[in-house]
Amino acid sequence: LTSSNILEVDNILSTKREIKKILIANRSEIAIRISRAATELGFRTVSIYSYEDRFALHRFKTDESYLVGSGLGPIQAYLDYKGIVQIAVNSGCDAIHPGYGFLSENPEFADECAKHNIIFVGPSPKIMRSLGNKVEAKKTAGKAKVPTIPSTGPLPKDLKKCKDLAKKIGYPIMLKASWGGGGRGMRVIRKETELENQINTARREAKSAFGKDDVFFEKLIEKAFHVEVQIIGDTHGNIVHLFERDCSMQRRYQKIIEESPAPEIDRTVIESMAASAVKLASDVKYEGAG
């Protein structure tokens with residue numbers, strides 16, 4: 001759990017409801033880090049585990065632990081958001097922390113938490129629908145006059161229409177999953193003959209990782225740096241950035257090293273990016289860390 005995530009939990013504590021017990025909707029080292037931070041904050045902790053993870057370390061690092069997604073696969077079990085929320089209700093939890101990956105950017109999960117009067121530690125469902133989905137995030141950025149890379153909406157099932165969209169963007173293109181991150185569903189496409197196979201593969205991978213198979217095209221920028229701006233917002237409309245992280249060192253589109261400050265980017269570019277991040281977050285009244 002990062003310091004910004006701990007601030008996110010503290011931000012939740014400023015509401016009238018008090019958190020005494022928190023369910024961690026994740027696994028492995030992510031769940032262990034959240035458990036450690038939650039324990040330091042005085043919360044009782046609950047973990048979940050798939051059948052395949054019944055001997056995993058994270059389930060022994062919390063006060064209570066429950067099997068989730070009985071009969072489902074090792075990944076699908078952690079995407080069973082209704083089952084996860086029911087475990088939280090049955091075990092008397094006040095809040096759920098999703099960690100990152102899996103359901104962390106799933107608005108239906110946050111909706112289900114709200115339906116059962118459980119605090120979702122993270123942005124509201126409305127914010128996730130406008131920023132958690134990359135296609136919607138680009139539309140929101142456009143309204144905020146924040147520059148974006150040329151891209152399409154969600155790809156249709158019709159292959160010919162996909163080919164037409166690819167020609168409009170112009171090869172080479174990057175195929176991306178609309179939801180989630182971690183490089184899942186990302187594919188470089190350099191010619192039309194690769195299109196059908198790559199789309200089908202990306203859809204399957206996105207469905208497996210995030211429970212949604214929406215994908216879209218984006219213009220590929222060759223030899224690009226991957227730089228992120230960290231932001232945090234409170235419930236009173238205050239947004240600040242916590243500077244940048246250079247995540248360019250990657251393998252299969254997954255980060256290996258993140259460093260700050262970004263060593264090879266001009267500071268005027270970073271300052272412009274940071275201002276854009278704050279502008280976009282302010283426009284949607286972002287709450288929490290991002």
Side-chain angles (χ1 to χ4, degrees), residues 1 5 8-9 12 19-39 43-125 128-129 132-133 177-186 200-215 254:
L1 190 67
N5 289 138
E8 194 168 54
V9 174
I12 293 293
I19 296 176
K20 294 182 179 178
K21 195 173 187 180
I22 187 167
L23 182 143
I24 303 157
N26 218 298
R27 67 180 295 279
S28 194
E29 57 89 17
I30 302 168
I32 291 171
R33 288 161 64 197
I34 295 169
S35 174
R36 183 175 61 201
T39 300
F43 305 153
R44 286 187 61 79
T45 55
V46 175
S47 60
I48 56 172
Y49 61 93
S50 67
Y51 176 78
E52 288 79 5
D53 277 347
R54 62 194 181 278
F55 301 121
L57 184 60
H58 75 269
R59 68 163 295 200
F60 302 105
K61 292 291 186 177
T62 53
D63 297 304
E64 302 170 38
S65 190
Y66 299 95
L67 175 69
V68 69
S70 181
L72 298 176
I75 295 175
Q76 284 68 34
Y78 293 101
L79 297 174
D80 180 16
Y81 66 88
K82 290 189 176 181
I84 292 170
V85 172
Q86 195 56 55
I87 290 172
V89 171
N90 293 346
S91 58
C93 289
D94 310 291
I96 292 178
H97 195 310
Y100 59 86
F102 288 132
L103 294 165
S104 61
E105 298 177 36
N106 188 311
E108 285 83 15
F109 183 35
D111 283 335
E112 189 73 10
C113 290
K115 191 166 91 175
H116 290 83
N117 199 31
I118 289 175
I119 294 168
F120 178 83
V121 182
S124 70
M128 279 196 280
R129 286 189 171 94
N133 179 298
S178 297
W179 296 92
R184 298 288 190 261
M186 289 181 69
N200 292 337
T201 302
R203 285 192 189 279
R204 286 195 299 269
E205 191 173 322
K207 180 72 174 178
S208 175
F210 313 118
K212 298 174 184 289
D213 69 353
D214 297 341
V215 293
Q254 296 192 43

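Proximity of Y49 to L67: side-chain heavy atoms (C-beta onward) are separated by under 4.5 Å at one or more points. The closest side-chain heavy-atom distance from N106 to K212 is below 4.5 Å. The shortest side-chain heavy-atom distance between P98 and Y81 does not fall under the 4.5 Å cut-off. Residues T39 and S35 form a side-chain contact, since some pair of their non-hydrogen atoms from C-beta on lies under 4.5 Å apart.
The list of ring pair (Phe, Tyr, Trp, His ring centres under 6.0 Å) pairs with a residue in residues 98-119, not counting sequence neighbours, reads Y78-F102, F109-F120. Pairs of residues two or more places apart, or lying in two chains, that qualify as salt bridge (Lys or Arg N to Asp or Glu O under 4.0 Å) and include a residue from residues 112-124 are E112-K115. Listed by first and then second residue, the side chain to side chain donor-acceptor pair (under 3.5 Å) pairs involving residues 66-77 are E64-Y66 (not counting sequence neighbours).
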Side chains of residues 84-94: which donor-acceptor pairs under 3.5 Å do they make with residues two or more places apart or in other chains?
{"from": "Q86", "atom 1": "NE2", "to": "N90", "atom 2": "OD1", "distance (Å)": "3.0"}
{"from": "N90", "atom 1": "ND2", "to": "Q86", "atom 2": "O", "distance (Å)": "3.4"}
{"from": "S91", "atom 1": "OG", "to": "I87", "atom 2": "O", "distance (Å)": "2.7"}
{"from": "S91", "atom 1": "OG", "to": "A88", "atom 2": "O", "distance (Å)": "3.4"}
{"from": "D94", "atom 1": "OD2", "to": "K20", "atom 2": "N", "distance (Å)": "2.8"}
{"from": "D94", "atom 1": "OD2", "to": "K21", "atom 2": "N", "distance (Å)": "2.9"}

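Between R129 and E108, the shortest heavy-atom contact is NH2-OE2, 4.0 Å. In plain terms, the two heavy atoms of K207 and D213 that are nearest each other are CB-CB, 4.0 Å. Contact record, V121 with A95: CG2-CB, 4.2 Å, taken as the closest heavy-atom pair. Counting all heavy atoms, side chain and backbone alike, S50 lies closest to A77 at CB-CB, 3.7 Å. Shown here for G185 and A202, the closest heavy-atom pair between the two residues is O-CB, 3.4 Å.
Of the inter-residue distances, the one linking L79 atom CG with L103 atom CG reads 5.0 Å to the nearest 0.5 angstrom. Of the inter-residue distances, the one linking R33 atom CZ with K61 atom NZ reads 14.5 Å to the nearest 0.5 angstrom. Note: I119 CD1 to L23 CG = 13.5 Å, rounded to the nearest 0.5 Å. With values rounded to the nearest 0.5 angstrom, I96 atom CD1 is found 12.0 Å from N26 atom CG.
Applying the salt bridge (Lys or Arg N to Asp or Glu O under 4.0 Å) test to D53 and every residue at least two apart in sequence or in another chain returns R27. Residues passing the side-chain hydrogen bond (donor to acceptor under 3.5 Å, both in side chains) test with T62, sequence neighbours excluded: S47.
A donor-acceptor pair under 3.5 Å is formed between the side chain of H58 and the backbone N or O of I48. Between the side chain of S104 and the main chain of G101, a donor-acceptor pair closer than 3.5 Å is present.
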Working for side chain to side chain contact (heavy atoms under 4.5 Å, CB included), residues T45 and H97 = CA-CA 10 Å; T45 55; H97 195 310; over 6 Å; no
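Counting non-hydrogen atoms of other residues, nucleotides and ligands closer than 6.0 Å to OH of Y51 gives a total of 12 or fewer.
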